[in-house]
Structures are given as C-alpha cells and as structure tokens.
Amino acid sequence: MENWSLFSLCVLLGLTSRWAVSFHSYSGAGKPPMFGDYEAQRHWQEVTYNLPVHEWYFNTTNNDLNYWGLDYPPLTAYHSLVCAYVAKLLNPEWVELHASRGYESHSHKLFMRATVLFTDILIYIPAVLLYCFYFCDGFSKQKVATALCILLYPGLILIDYGHFQYNSVSLGLALWGILGLGLGWDLFGSLAFTLALNYKQMELYHSLPFFCYLLGKCIKQGLIGRGFFQLAKISLTVLVTFALCWMPFLSDPKQPLQVLHRLFPFGRGLFEDKVANTWCSLNVLIKIKTLLSRETQLFLSFALTLLFILPSSLKLLSKPNLWQFKLALVNSSLAFFLFSFQVHEKSILLAAFMLPLLVKDGLLLPYVVTSLAFLFLSLYLLSALERSTEEELRLGIYRKLTRHWLPKLNLSRIIKWKFWFSLVAMAALSFTSVWLEPPAKFPDLFPVLVSILSFLHFLGFIIYFNLVQLMEPQRKKSQKKTN
Amino acid sequence: TVMAAPMTNDQSWFYALALGVSFLKCLLINAYHSTDFEVHRNWLALTHSLPVSQWYYEATSEWTLDYPPLFAWFEYGLSHIACFFDKEMLVVPNLNYASPATVLFQRLSVIVADVVFFYAVKECCKCLREDKGKDLLGKPSFILTGLLLWNFGLLIVDHIHFQYNGFLFGVLLLSIARHCQNRHFEGAFLFSVLLNLKHIYLYIAPAYGIYLLRCFCFTQSNAVLVTLGTIVLSTFAVSFGPFIGQLPQVLSRLFPFKRGLCHAYWAPNIWALYNIADKAFSILGVKFRLLDINKLPKASMTGGLVQEFQHSVLPSVSPLATLVCTLLSILPALFKIWHRPNGARGFLRCLVICALGSFMFGWHVHEKAILMAILPLSLLAVDSRKDAGIFLMLSVTGHYSLFPLLFTTQELPIKIFLMLLFTIFSLASLKTLFRKGGALLNPLEVTYLLGLIPLELICEFVYPLTVWQKTFPFLPLMLTSVYCALGVTYAFIRLYNSLLTCSDTTKKTKMQ
C-alpha cells in the first residue's frame, strides 16, 4: 500500500479516537459554582470578546480574576477571542458577559470540542506527520507505525478531548519548532517555538534546550563570523515575535508586569493537589510545605531545577546535534516537572499518572480503552520489548557502574521484568482507585500512592536519560535512534 | 519490505486488527443510539419477565418481538447477564429506560457477540488462495480481514445505531466458509440456525437451496438429501417447537405486511427510482394540464416510520408485485448455477445476486440490508479483479446510503472519518492486490463515486442553511436515495453480467 494512504489511515484513526473520546464528559461538568477547565476556556472567550485588551489580566468589576482569571500568555487570549467571534455567530448566549457563567448545553459542548479538533488538525497533526516522515529512521512502514503510536497517545487525547484543554496547540507549535531546527531552518524553528511559548508558559520546560542548541550551533559556526550573524538573526526573530504578541500590552508598563504576575503565581504554594513530583512526594515524609518559608521553598526549587538541567544543557551546548537536542528536551522537561514550583499534574501528560483527575472527570472508560490500545499498539508495532538487549537500551553505563558490585546481573531481563511490574502496579492502582474505598484514616491514599509510584518512575527516567545524554556511548551506523 | 512485526506468529496481525476494532467499538459506547436500542431492551425485558407463551403476544411497548424464536432465546440468555448490570432494564413497563449501566451492558453484548464474527472471518481467510512471500499489507487474507472486521456499515449500524448484525453475519460467513471447505452439512445447519435467528436471510435462501440441491442431493445418494432435510427440519422444530400452538401469531409478527412500500428513509432500490419517477410525472402532468390535481391521490413521500404510499401516475405496487419482481430478478442466476455450478465461487456470486435482487425489488426494504450483499461480496473481491471493481462501487455507494441513519451533529465527524477510513483502505489495498492489469474502476465510475462528495456537502452542510429546509425537509434524503440507487443498480447489472458470462471453470483452486 502506498505511503500516503497509510498515513491518511493513521490520521483518520487518530481523528476518530479523538472525536469519540470527546463524546464523554469534560472537567467540571455539571459542578457549580466553579465547574472546571472547560468553563475556564468558555469564560476566557467571554472576557476577551466583551472587554478591552487592557482589562483582560486585571481584576475589575467586569473581570473577576478569582473566577478563572486568565493565566496563560497573550496568544491563548487571542485564540479565545477568535473562538468567541465564531461563538457569537452561532449563539450569542455562549459569550454573554456575566450571564453566560456556567453555561452548559449539548450544542455548546459540540462547539468547544470542534474548536479543539480544528486547531489539532491545523497545527498538531501536520507536525506529527512531517516529523515522522523526515525524522524517523527505518522503512516507511515503521514511520507509519510511529506516526500511529504518536497520534493515538492517550495522554494528549484524554486531556485535550476529555478534560478539555488546548495542549495540542502549544505542543504542535513546539513540534514545528523542533522540525524547523531539525531541517536546519533555525529562524522558522525559533519563530514556532516562541509562538508556542507565548501560547502556554509551560513550554518554558523546553526553552533551555532550544536556547542551548541554537547557541551551541552558532558558537560552532564561529562567534566572530557567520555564527554571530546567525545569532543576531535568531535573537531578532525571537524579540520581534515577542513584541508582536505582547504589543497591546506594551503601552503601559503596568500591563506586562500584571500579565507576568498572572502567569507565574508565586503567591500560590509549592504544589497543589497530588502531583507526581519531588515536593509532593517528599511532603508525605517531611511536611516541607509548612516547614519551610515561601522564600526558602522558591529558592530550593529553583536551585534543584537548575542543578538537574545544567549538566544536560551544558552537554548540548558543547555538542549541538539533533540527538543531544532531543535528549535534552526530555531531561529539561522532566527536571522542571519534578522540581519546579506550582506544577500541575496535567503537565506531564502521561495518562496513567493522571488517573485521579480523569476519574473525577468521568473519563474512566476512555482512559481504560485508550491506554490499553496505546500499550498494545506500541508493544505490537514498535516491538518495544524485542529491542531490549542491553546494547539497545544503552545500559552500558549501568553496566559499568554496577560491574563492581553485581557482576552477574542480566540487566536487560531486569528491565523487562521492571516494565511488566510497573504495568501491573499501574493496573492494580487504577483498579483499586476506582473500585475500593480508601481506609478512613488515609482518605487520599490512592492518589498519593499514584503520585509516589509515578514520581519514582520519573526519577528513574531522569537519571537514565541524563546518563544516556552525558555518556553518549559509541553508536554504530545500524543502530536505530529512539525518539 | 517486511513490516517490523514483532511476533514471529503469523496470525498475530489478525488479533491486532480484531483487538484494534474492539477498542474502537468501546470508545463508541457513549455515542448516539437509535430506537433499536429500546427495541432490544424491551426484548430483554419481555423474555426475562414473561413466560414463553406470552412472548409473541406482549404488546406493552410498540416494539414487539418480530424476530424468530432463536433470537428470542438469545435475548433470554443475555437477560440473565443483564441482571448483574441493572435489574431495572428487565422491567417491561420501563419504556425507554437507558441508564448508563444499561447502555454499557447492551453495547458490550454487541461487542462480545462479535467474537462469532471474528471466528467466521478467520475461517473465511482459510478459504483464500495464499501467495507466499508477499508483504503483509498485500496479502489477500489481510485485506479480507480488514474489509470485513473494519467494515464501515457494520461498525455504524451495530455499534452506533445499535443492532446485532455482527453476530448474525458471523453465522452467515461461517456457513459460507463451511461450504467452501466442503463441510456442507455444517454449512446447511448454520444457515438454518441463521434463518431462525433473523428471517431477513430468507432473501438468500434460494441460493442455498438451489446450490445444495444441485450439487449434492441428486449427484450423490439419496441419503444426503435425507440428512440435509433432517438437519434443516430439526433446526426449525427446535426453534419453533415451543411456539407450535401460536404459529399464526408468530408469523404475523414476523411478516408484518401492513407496512409501506418504502421504509421511512428510502432504501436506494428500484422503488426509490419508481417513486421519484412517479412524483416527477405527477408534477409534470399537473404543470402541463394533463392531470387534474384534485383527482390525484394524496401521496406523502416520506414521513414517519410506516407509510402507505399511493402512487399518482404510475400503477401502485403491492407486496405480491414486489415478490414477483424479486423472483424474476433472481431466477436467471438460479438457473445459471443449476446448469453450470461453478463450485463455491459460483454459489457465492449467486448468493450476492439474491441478496442484491431482494434489496432492489423487495417490500419495505431497510437500507441496512445492503450489508447482506456487501459483506459476502468482500470474499469475491479479494479473488478477482472484476469483482473488486464491483465491490468498490457497491460498498462505497451502499455505505454512503447509510449516512442518513446517523443524523446527529455529534456523530457527523465520526461517520465521515470512518467512511474515509474504510474507503481509502479498500481502494488502496485492492489496488495493490490487483496492480497488474490497469485500473480497477473506469473514469465514469470514479466520477460517480467522487460525486458523492458534493452530494454530502449539499445534503449535510449547504441544504440545512437554505430556506427550503423548512418546506421540503426530506429532499436531501430523496437525493441520497436516488443517487445511490443508480450506483446499486449499476453494481447489480455488472454482477449479473459477470455471473452469466463466466465460463464453467474447474480449476483446482482452493475455492472449489
């Protein structure tokens, strides 16, 4: 079968699963007074449509910041404005100032879901297809298999089409950025990534690798000659993009400050709810949230985040190639997730670890189906378990480290067993979270267990990926790159 | 190039496809379901709560039991599992009861019953010629599995609209597979069981009858005829046995001829064209003063579920007339396999023609019945070029004619995505399979199929925004029916052509 037909089949399967998941409930459905993220997005359409720009981020009589105030950068606001115009055409009641609070109806749900699908088709899916086409090794069928697995990734589907968010926009733009860099179009890549950053400040997780890669590349080209010009062009692109996005807010110095204040709410605590990062897990043993002052918490999280991203960033700076870049992206985002301030569980976009959230939203069925399907698909198509010889897993590093103490260890088998164990643990936790009642003494037992289990996994991942990036074992030509 | 299939097991792709489609079906649990959902819930309730003597008399709900007894027993069995999900659904007066547990149970029952279909498809794949060393995506068995397991019509009728066709077609395909494997007693038994599950399969009973009589009863000893007869009769006896006393009542429920010539959404058959012609003539006649508008009988075209349709200009059609037309349409095919049976392939072709003929000329045909022609035709499509071309025409047209079944906005993207998915898959895979020897479809056919796109845009997107939506709300349905009727008729003619012109081959293929 020809390539184009295989790719279009993947896209259609991805689109069908997305839309089918959207039949289910969304966050905060039927739960006054605050509802959930769905209501937040609707509210932003109402605010951006009815109020002038300089009021969007401020607390005024018309704009109560306590009720889902805008806390994403301006591009989200512009996007909401465009959606609001369409909403106004279809049914003005949807964006009526004040009167439309908590508006819920079947046709409104269809409209909101349709906006997610539209941006997904426009931004994210083409990026995925191009990425798989250009940057996947192997035969064309393997590219198609990778594309299918990426498109059916449950985390993104469940959060965007279930819980309700627009992650596909920011992730898609970031992916376009990676594509640009990979194809050597640095300016386009920086433009795309800056747009992603201006859509969701969460993309800061990926910003350091972008910065280090581009800087490293310019340095390699010689800081005196071509490299300098390249650096200047990139900086100019980034600055101009920022300026264009923030233009309405640059007239009054108070505006950008207020926006930044909304984007980075250091007023809130170290973490909220149960997140699978260090602070939440540590909190189980030592109550750091109450023990340390806010300033110390800020300092500690900043220091640890920096500590964990510095090695990978420096390595990338010294060796700016695509392989290092991809690894650095993973390491940087893991580091930020694990150690930074005010992280939300959605940030990790890993389905199993968002289980409590999904159950609360009434998304249990899609969660089970999409996770099982994805698991099965990746095992089947990407032969994940077959390729797990020691060499492929780059366990050479671990080998060297443990050779002294445990020479007889068959590491690849351990990894396989660990994989199945994790799966069983996740399945068991999912089952118990849904069907069993927690003991009265520990009402939050299951969410906490989920976050601790997840945290341990992430810790393991960040160590592994850092080691892989830093040690960079000898690569033979036939070795396939993992993404 | 070989796909990086991880498991060395050759059959793993089959389970991958089956599992994949099952996951998709699970995701569709929350989709729209039609009144057929309530129909089956009602049958669960009445088989569970009432004694057997009351099953065919019960009329609390308007959806009375109108399937043969074996299906009633099937619902009875299901109702025992339903107890564990929600006891309230088994209470007969609970009309339109649709709690989440009820929906979950009913949907899961369809998904699980499809296991029969999976098994049947696996058996059918065994009947195909296999070319060794071919790339997986070009293997006939892979393509057939995709065409059957991921069939668009079956997916949306069973798992959105709600019916149990997968299970029933599984029995049909299994029976066909058994005939291909020369296990004719099993094939006949399975078909009798099928008839007792849903009597719509009477459409294809002539093909079975003629084929079995011709090939086995007279060529071999009389013992074969006696055995076949015993099998068939005993199946019917077991099924109808408990209802022997109420036979007239059962039959009146099974064959309600009081319904109109055309179903509410016209099936794309000859009568749709007939109705249109009649309407056109009446309009033209009034315009040119040839007819008096007051003398014309009031004809309402489509409105509600059952309608008596009085034709204005052309003669009215009675059930007997449709029966005669149907029999006339399938007689040549039956004669052909009587005189020159072409083994299992000839039988299959005759079966498809019988199904299609009954679809084209039958009384009160539902457009879902097109699946009875499309699914068996898939078996022929992976074997010969000409059949692949006919299959593409029939399947795309037939599937498109199912669109009006899902009329909600929420399901619109799903039906478009799935239709594109199946169409692209069937086109691309059949083209790869038969890449030697030119194109599968000639330009006229391609133009016709492409014409479905503007038709869909007009009917679904443009028309609702125009002013005519209020005055002529059924115009898009009419347009769809008529356009598809052309395609279906064309496929019917081409099938007949291929049956009547194929030579009596006795090649030693596995399909004999």
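Because the structure is a prediction, the values reported are computed rather than measured. In what follows, chains are A, B, ... by sequence order, proteins preceding strands, each numbered from 1.
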Heavy-atom cut-off 4.5 Å, strictly under: side chain, backbone, both or neither for [X] against chain B?
{"X": "A:Leu13", "value": "both"}
{"X": "A:Leu110", "value": "side chain"}
{"X": "A:Ser8", "value": "side chain"}

Could you check, using the six-membered ring where one of them is a Trp, whether [X] and [Y] have ring centers closer than 6.0 angstrom?
{"X": "A:Tyr166", "Y": "A:Phe164", "answer": "yes"}
{"X": "B:Phe105", "Y": "B:His40", "answer": "no"}
{"X": "B:Phe422", "Y": "B:Phe425", "answer": "no"}
{"X": "A:Tyr26", "Y": "A:Tyr38", "answer": "yes"}

Would you find a donor on one side and an acceptor on the other, under 3.5 Å apart, between the side chain of A:Arg42 and the backbone of A:Glu104?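 No, A:Arg42 side chain to A:Glu104 backbone: no donor-acceptor pair under 3.5 Å.
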At a heavy-atom distance under 4.5 Å, which candidate from B:Pro413, B:Ser429, B:Gly20 has the highest pair count against chain A?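 Between B:Pro413, B:Ser429, B:Gly20, the count favours B:Pro413.
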Answer with side chain, backbone, both or neither: which region of [X] has an atom nearer than 4.5 Å to a non-hydrogen atom of chain A?
{"X": "B:Leu427", "value": "neither"}
{"X": "B:Leu24", "value": "side chain"}
{"X": "B:Ile416", "value": "neither"}

Consider only side-chain N and O atoms of A:His108 and A:Asn91, and report whether a donor and an acceptor are under 3.5 Å apart.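 No, A:Asn91 and A:His108 have no side-chain donor paired with an acceptor closer than 3.5 Å.
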